[in-house]
Amino acid sequence: MDRLRAINGILSVTVLLCLVVGWTEPFSPELNDLIYHKLFYLLIGVSFVIQSKLMDKKNMQYMMYAAAALCIIGAYLPIDSQYSYIKTIGLFGGVILSVINRPKQ
(Lines give C-alpha, C1' and ligand atoms only; values in the text may rest on other atoms or scores of the structure.)
Protein backbone atom coordinates (compact mmCIF):
# COMPACT_ATOMS: atom_id res chain seq x y z
CA MET A 1 0.00 0.00 0.00
CA ASP A 2 2.72 2.45 0.91
CA ARG A 3 4.60 1.68 -2.26
CA LEU A 4 1.50 2.39 -4.38
CA ARG A 5 0.98 5.67 -2.54
CA ALA A 6 4.60 6.66 -3.19
CA ILE A 7 4.32 5.85 -6.89
CA ASN A 8 1.06 7.80 -7.07
CA GLY A 9 2.77 10.76 -5.39
CA ILE A 10 5.55 10.75 -7.97
CA LEU A 11 2.97 10.56 -10.75
CA SER A 12 1.10 13.51 -9.23
CA VAL A 13 4.23 15.67 -9.25
CA THR A 14 4.89 14.69 -12.86
CA VAL A 15 1.31 15.61 -13.79
CA LEU A 16 1.78 19.01 -12.17
CA LEU A 17 4.95 19.51 -14.21
CA CYS A 18 2.94 18.71 -17.36
CA LEU A 19 0.46 21.43 -16.38
CA VAL A 20 3.27 23.93 -15.84
CA VAL A 21 4.69 23.10 -19.27
CA GLY A 22 1.27 23.59 -20.84
CA TRP A 23 0.80 26.96 -19.17
CA THR A 24 4.28 28.38 -19.71
CA GLU A 25 5.00 26.77 -23.12
CA PRO A 26 8.81 26.62 -22.74
CA PHE A 27 9.35 24.21 -25.64
CA SER A 28 8.37 24.05 -29.29
CA PRO A 29 4.60 24.08 -29.95
CA GLU A 30 4.63 20.41 -30.97
CA LEU A 31 6.42 19.30 -27.80
CA ASN A 32 4.22 21.50 -25.60
CA ASP A 33 1.10 19.96 -27.15
CA LEU A 34 2.47 16.45 -26.69
CA ILE A 35 3.21 17.06 -23.02
CA TYR A 36 0.10 19.09 -22.20
CA HIS A 37 -2.54 17.28 -24.26
CA LYS A 38 -1.22 13.71 -24.41
CA LEU A 39 1.24 12.92 -21.62
CA PHE A 40 -0.85 14.76 -19.03
CA TYR A 41 -3.94 12.60 -19.63
CA LEU A 42 -1.90 9.43 -19.96
CA LEU A 43 -0.26 10.01 -16.56
CA ILE A 44 -3.61 10.94 -14.99
CA GLY A 45 -5.05 7.67 -16.29
CA VAL A 46 -2.19 5.66 -14.82
CA SER A 47 -2.63 7.51 -11.53
CA PHE A 48 -6.33 6.62 -11.50
CA VAL A 49 -5.47 2.94 -12.05
CA ILE A 50 -3.18 3.05 -9.01
CA GLN A 51 -5.79 4.90 -6.96
CA SER A 52 -8.40 2.30 -7.84
CA LYS A 53 -6.27 -0.37 -6.21
CA LEU A 54 -6.34 1.66 -2.98
CA MET A 55 -10.15 1.88 -2.86
CA ASP A 56 -12.19 -0.28 -0.51
CA LYS A 57 -15.43 -0.71 -2.42
CA LYS A 58 -15.42 -2.78 -5.62
CA ASN A 59 -17.97 -0.60 -7.43
CA MET A 60 -15.80 2.47 -6.76
CA GLN A 61 -12.79 0.57 -8.14
CA TYR A 62 -14.63 -0.23 -11.35
CA MET A 63 -15.76 3.36 -11.79
CA MET A 64 -12.19 4.57 -11.26
CA TYR A 65 -10.96 2.05 -13.85
CA ALA A 66 -13.54 3.47 -16.25
CA ALA A 67 -12.33 7.02 -15.58
CA ALA A 68 -8.75 5.87 -16.15
CA ALA A 69 -9.72 4.19 -19.41
CA LEU A 70 -11.41 7.35 -20.67
CA CYS A 71 -8.30 9.40 -19.88
CA ILE A 72 -5.90 6.93 -21.50
CA ILE A 73 -8.02 6.37 -24.61
CA GLY A 74 -8.62 10.12 -24.91
CA ALA A 75 -4.88 10.77 -24.73
CA TYR A 76 -4.38 8.77 -27.92
CA LEU A 77 -7.12 10.54 -29.85
CA PRO A 78 -6.19 13.50 -32.06
CA ILE A 79 -6.67 16.86 -30.35
CA ASP A 80 -9.20 17.98 -32.95
CA SER A 81 -11.19 14.71 -32.80
CA GLN A 82 -14.91 14.99 -32.15
CA TYR A 83 -14.46 12.46 -29.32
CA SER A 84 -11.57 14.18 -27.55
CA TYR A 85 -13.96 15.34 -24.82
CA ILE A 86 -13.93 11.84 -23.29
CA LYS A 87 -10.57 12.49 -21.66
CA THR A 88 -12.07 15.49 -19.84
CA ILE A 89 -15.02 13.39 -18.68
CA GLY A 90 -12.55 10.78 -17.40
CA LEU A 91 -10.53 13.45 -15.60
CA PHE A 92 -13.56 14.96 -13.85
CA GLY A 93 -14.98 11.54 -13.02
CA GLY A 94 -11.70 10.37 -11.49
CA VAL A 95 -11.28 13.54 -9.45
CA ILE A 96 -14.82 13.29 -8.11
CA LEU A 97 -14.32 9.63 -7.22
CA SER A 98 -11.05 10.48 -5.49
CA VAL A 99 -12.73 13.14 -3.37
CA ILE A 100 -15.67 10.88 -2.51
CA ASN A 101 -13.37 8.03 -1.49
CA ARG A 102 -11.21 10.06 0.91
CA PRO A 103 -11.19 8.67 4.44
CA LYS A 104 -13.16 10.71 6.93
CA GLN A 105 -11.07 12.37 9.64
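Everything numeric in this text was worked out from a predicted model, so none of it was measured.
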Would you compute the distance between atom [atom1] of [X] and atom [atom2] of [Y] and round it to the nearest 0.5 angstrom?
X	Y	atom1	atom2	result
His37	Leu34	NE2	CG	10.0 Å
Lys87	Leu42	NZ	CG	11.0 Å
Glu25	Leu31	CD	CG	11.5 Å

Which atom pairs, donor and acceptor, lie under 3.5 Å between side-chain atoms of residues 62-84 and protein residues at least two apart or in another chain?
{"residue": "Ser81", "atom": "OG", "partner": "Tyr83", "partner atom": "N", "Å": "3.1"}
{"residue": "Ser84", "atom": "OG", "partner": "Ile79", "partner atom": "O", "Å": "3.4"}
{"residue": "Ser84", "atom": "OG", "partner": "Ser81", "partner atom": "O", "Å": "3.1"}

Contacts table for residues 2-19: side-chain donor-acceptor under 3.5 angstrom, sequence neighbours left out:
{"residue": "Asn8", "atom": "OD1", "partner": "Ser47", "partner atom": "OG", "Å": "2.6"}
{"residue": "Ser12", "atom": "OG", "partner": "Asn8", "partner atom": "O", "Å": "2.9"}
{"residue": "Thr14", "atom": "OG1", "partner": "Ile10", "partner atom": "O", "Å": "2.9"}

In one Ile/Leu/Val/Met/Phe/Trp/Tyr side-chain cluster, 4.5 Å: [X], [Y]:
X	Y	result
Val49	Ile96	no
Ile86	Val46	no
Tyr41	Tyr85	no

Q) How far apart are the closest heavy atoms of Met55 and Leu97, and which atoms are they? A) CE-O, 3.9 Å
Q) Taking all non-hydrogen atoms of both residues, which atom of Phe27 and which atom of Asn32 are closest, and how far apart? A) O-ND2, 2.7 Å
**Q.** Residue list, side chain to side chain donor-acceptor pair (under 3.5 Å) with Asn101, at least two apart or on another chain
**A.** none
